[in-house]
2 protein chains.
Amino acid sequence: MSFAYNNPHRISAATRERILAAAEELGYAPSTVARMLQAGRTNALGVLLPQNLATVMENPYYAQFLMGVGQVCDQEGFTLLLSAPLRDSMLKAIPYAAVDGFVVCGLESDRGEVAELERRKIPFVLVDSDPQENVPSVDVDDRMGAREVVEHLLEMGHRRLAVLSMDPGPDHAERGYRGPLARRMEGIVEALAEVGMTMADVELLEVPVTRVDGFRATKRLMAEYAPTAIVALSDVLAIGALDALHELGLDVPGQVSVTGFDDLPEAAWQRPRLTTVRQAIATKGRTAADFLISAIRGEDQHPHQYLSATLIVRESTGRVPRSP
Amino acid sequence: MSFAYNNPHRISAATRERILAAAEELGYAPSTVARMLQAGRTNALGVLLPQNLATVMENPYYAQFLMGVGQVCDQEGFTLLLSAPLRDSMLKAIPYAAVDGFVVCGLESDRGEVAELERRKIPFVLVDSDPQENVPSVDVDDRMGAREVVEHLLEMGHRRLAVLSMDPGPDHAERGYRGPLARRMEGIVEALAEVGMTMADVELLEVPVTRVDGFRATKRLMAEYAPTAIVALSDVLAIGALDALHELGLDVPGQVSVTGFDDLPEAAWQRPRLTTVRQAIATKGRTAADFLISAIRGEDQHPHQYLSATLIVRESTGRVPRSP
DNA sequence: CTGAAAGCGCTTACAG
DNA sequence: CTGAAAGCGCTTACAG
């Protein structure tokens, strides 16, 4: 008789005592899963990730994002379930997550995930994806952010640019850029066009998003191309670039300018402090989780939300050096 | 008839087709929770955290730790459930997590959590806790690590030390230090004793574990106490101290030495590179998760595992400056 | 080969 | 006030 736990006033205190004592004696505890089944509620928020858990946890971007999602979970008393691709498929991971709703991250090429989620009638919000009709999403104006940062460099006279980008993944060859990376590339192309340049006029390097990869790529870049400015599409890569330039004894921004993207907390702690594009990562996580909670409660839907990306000029960019 | 999904060879292909088609038509998808109930398995690993999700996600220590746990989840196809205290109680959070086992973090004062877990007969491993009889745990030799780093400073002639510690939490007044912090304090006391000093001879500051708190505390420390060496009990705090000393124009290690604890990836990227105590955080997470998986599978138990903590001397420590 | 039935462990109307 | 029964949505022996 679960009344003892759930409805104390419906039974006499004596009986209640008796039941609880017996439960203690037997070492009884209600089953979490059975209760979820009966209640039709898990009190868990799922985050469907595009990469392995280990890779995600290594990336400070996700720390920020999950902090935002976590704030909402803390507030609402939800638990946070992290769900990584199963055999390289986000779709296959869905049936294994007992959650009341999903925040879906970086769904760059939809292989049925949206249909599966709709079919299951489980609320979800897409984040860092290619927005779709009638599918709730939270996105950032990556295009404008990327455009502004490149314009900034161009205005300072830089023409010999290198773009340090994250690896676009295996789909890239057949499907082109997708999601935020596609938007950032667009922004770069637009900025270049203003001065009559194209992507063919810049050096592009694509690497995994880690500090050491940014470091190594920059070493190579300086040896082989010697740009006057490095446009990193992530702060983590930009910070790795700063490390490399410091080790090479190159002055930033005296000899080389560096820009990032994200405005991680670390960005402002760099020496020199990093010029970057701020996107409110934690806010993005919080917004997505808030939308999800509303949807779970059956409240009004918010189909699309756009957050801005703004250029933050700090100390790592300056005028192009006079030619040597 | 779930045979269509689970036991394809037990029915004719035609029937199977018919069922699957009907399922598609109706938008049917098996319920995750019902399946868990029936199977008695969730395929989820729980991490029972001592702080809010937002606080945890902000701390790079946990990023490393969860990376280790995540590696095991990735490998075993488990999902990762993060469970924060409910109304300030880890105990109350337990019934809401549908998991096959728990990694319990930083359980510094047991308020029935262990009993509850045992009662539920759910496997668990304690990490960063005070080890208990017959309870599986993974811990680090914090005492030796702390002792070595303080000895290192003492050998370099430092006698005017400040300890920058994490906030010991509300229980501290009644229960004293607990868990890893207690062990680190012990190690410090032992090292000091070797030169006839006690805690009364050092300045102790306790702050939340964030870079900016380390920064602020160090500013205050230099103004009010002017130590020749700062022993931070976490790399995050040490890095904040480095920031502050840089801003004050003080040379490290020329004028002030700084040590950390953890050896986060960031430590080796600092300028100067940080002298610190390495604990294999990711390994700790991986080990705990491995133990948990064995326990879930009913394999042999590993009651206690100790990992070492070793001093890594880099560039942020040097001989005490000649008195001015 | 296939359908009906029991059981996983709860919660909550419903009789008594 | 309290006990027995139905139902949450699956899976899997068991008849037919």
Check your understanding: For B/Asn43 and D/dC10, what is the distance between atoms CG and C1' respectively, to the nearest whole Å?
Key ->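 Going from CG in B/Asn43 over to C1' in D/dC10 covers 16 Å.
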Exercise for review: Mind calculating the distance between CE (A/Met36) and P (C/dG9) to the nearest angstrom?
Suggested key: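 Result: 16 Å.
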**Study point:** Contact under 4.0 Å: A/Arg35 side-chain N or O vs C/dG9 OP1/OP2
**Key:**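 Answer no for this pair, as no side-chain N or O of A/Arg35 is under 4.0 Å from OP1 or OP2.
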According to salt bridge (charged side-chain N to carboxylate O under 4.0 Å, His left out), does anything in [range] pair up with another residue at least two apart or in another chain? List the pairs.
range                       : value
residues 64-86 of chain B   : B/Glu76-B/Arg297
residues 47-71 of chain A   : none
residues 127-140 of chain A : A/Asp128-A/Lys284, A/Asp130-A/Arg178, A/Asp139-A/Arg183

Check your understanding: Between A/Asp262 (side chain) and A/Leu264 (backbone), is there a donor-acceptor pair under 3.5 Å?
Key ->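 The answer is no, because no donor-acceptor pair under 3.5 Å joins these two groups.
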Review point. What pairs with A/Tyr96 under side chain to side chain donor-acceptor pair (under 3.5 Å), at least two apart in sequence or on another chain?
Key: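 Once residues adjacent in sequence are excluded, A/Tyr96 has no partner under the side chain to side chain donor-acceptor pair (under 3.5 Å) criterion.
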**Study point:** Of residues 94-102 of chain A, the positions that come close to DNA chain C - non-hydrogen atoms, cut-off under 4.0 Å
**Key:**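 Contacts with DNA chain C under 4.0 Å: none.
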**Study point:** By salt bridge (charged side-chain N to carboxylate O under 4.0 Å, His left out) - contacts of B/Arg175 (at least two apart)
**Key:**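 For B/Arg175 there are no salt bridge (charged side-chain N to carboxylate O under 4.0 Å, His left out) partners, ignoring immediate neighbours.
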**Study point:** Set of residues satisfying salt bridge (charged side-chain N to carboxylate O under 4.0 Å, His left out) with respect to A/Arg286, sequence neighbours excluded
**Key:**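 None.
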**Study point:** Partner residues of B/Arg111 under the side chain to side chain contact (heavy atoms under 4.5 Å, CB included) criterion, sequence neighbours left out
**Key:**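 B/Arg111 satisfies side chain to side chain contact (heavy atoms under 4.5 Å, CB included) with B/Ser109, B/Glu113, B/Asp171 only.
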Exercise for review: Determine which bases of DNA chain C form Watson-Crick or G-U wobble pairs with both distances under 3.5 Å, and write the result as a 5' to 3' dot-bracket string with | for other-strand partners.
Suggested key: |||.||||||||.|||
**Study point:** Presence of donor-acceptor pair under 3.5 Å, side chain of A/Gln38 and base of C/dG9
**Key:**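 Not at all, since no donor on one side and acceptor on the other fall under 3.5 Å apart.
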Check your understanding: Where the side chain of B/Leu37 is concerned, which of C/dC8, D/dC10, C/dC10 is the nearest nucleotide?
Key ->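 It is C/dC8.
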